[in-house]
Amino acid sequence: MTPESFQPGTPQTVLFARVKKHVEQRPFAPFRIVTTCGRAYDVPTVDHVGLLPISRMILVGYDTGESVDIHARHIASIEPVRRIRRKRAA
């Protein structure tokens, strides 16, 4: 990485800040990270995501044990994910 990629205001710094804002939001609202290659990764809870500020990496883990590392420069969009409400049994 070049020193310029760590400067405030670079696209990856801005996108990382947006992800961080979603992670720190209370109450937490699930969101989806869509990458520049078109893949989408849901972040269902705050426990499923980790942030590495110096390298601008976002780690998304799943209950299956799988995980993905996403560099902020590969983020195309951040979208809300609607929670599915389940009907209570009568």
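- In this structure, V19 is not a member of the same hydrophobic cluster as V14, with clusters built from ILVMFWY side-chain heavy atoms closer than 4.5 Å.
- Closest approach of V23 to R26, counting heavy atoms only: O-NH1, 2.9 Å.
- Under the 4.5 Å side-chain contact rule for hydrophobic residues, V46 and V60 share a cluster.
- Remark: R73 CZ to I75 CD1 distance equals 11.5 Å, nearest 0.5 Å.
- By the rule that hydrophobic residues join a cluster once side-chain heavy atoms approach within less than 4.5 Å of another member, V34 and F16 end up as members of separate clusters.
- Closest of all the heavy-atom pairs between I78 and F31 is CG2-CD1, 3.8 Å.
- Summarising the geometry, atom CD1 belonging to I58 is positioned 10.5 Å from atom NE2 belonging to H74; distances are rounded to the nearest 0.5 Å.
- Using modelled atom types, one side-chain atom of H71 and one backbone atom of S55 make a donor-acceptor pair closer than 3.5 Å.
- Contact record, P30 with P44: CG-O, 3.6 Å, taken as the closest heavy-atom pair.
- Pairing each heavy atom of Y62 with each of H48, the nearest pair is CA-CD2, 4.0 Å.
- Taking every heavy atom of both residues into account, L15 and A72 meet most closely at CD1-O, 3.4 Å.
- For the residue pair I70 and Y41, the shortest heavy atom distance occurs at CD1-CD1, 3.7 Å.
- Two different hydrophobic clusters hold L59 and I33 under the rule that ILVMFWY side chains link at heavy-atom gaps under 4.5 Å.
- In this structure, the salt bridge (charged side-chain N to carboxylate O under 4.0 Å, His left out) partners of D42, at least two apart in sequence or on a different chain, are R32.
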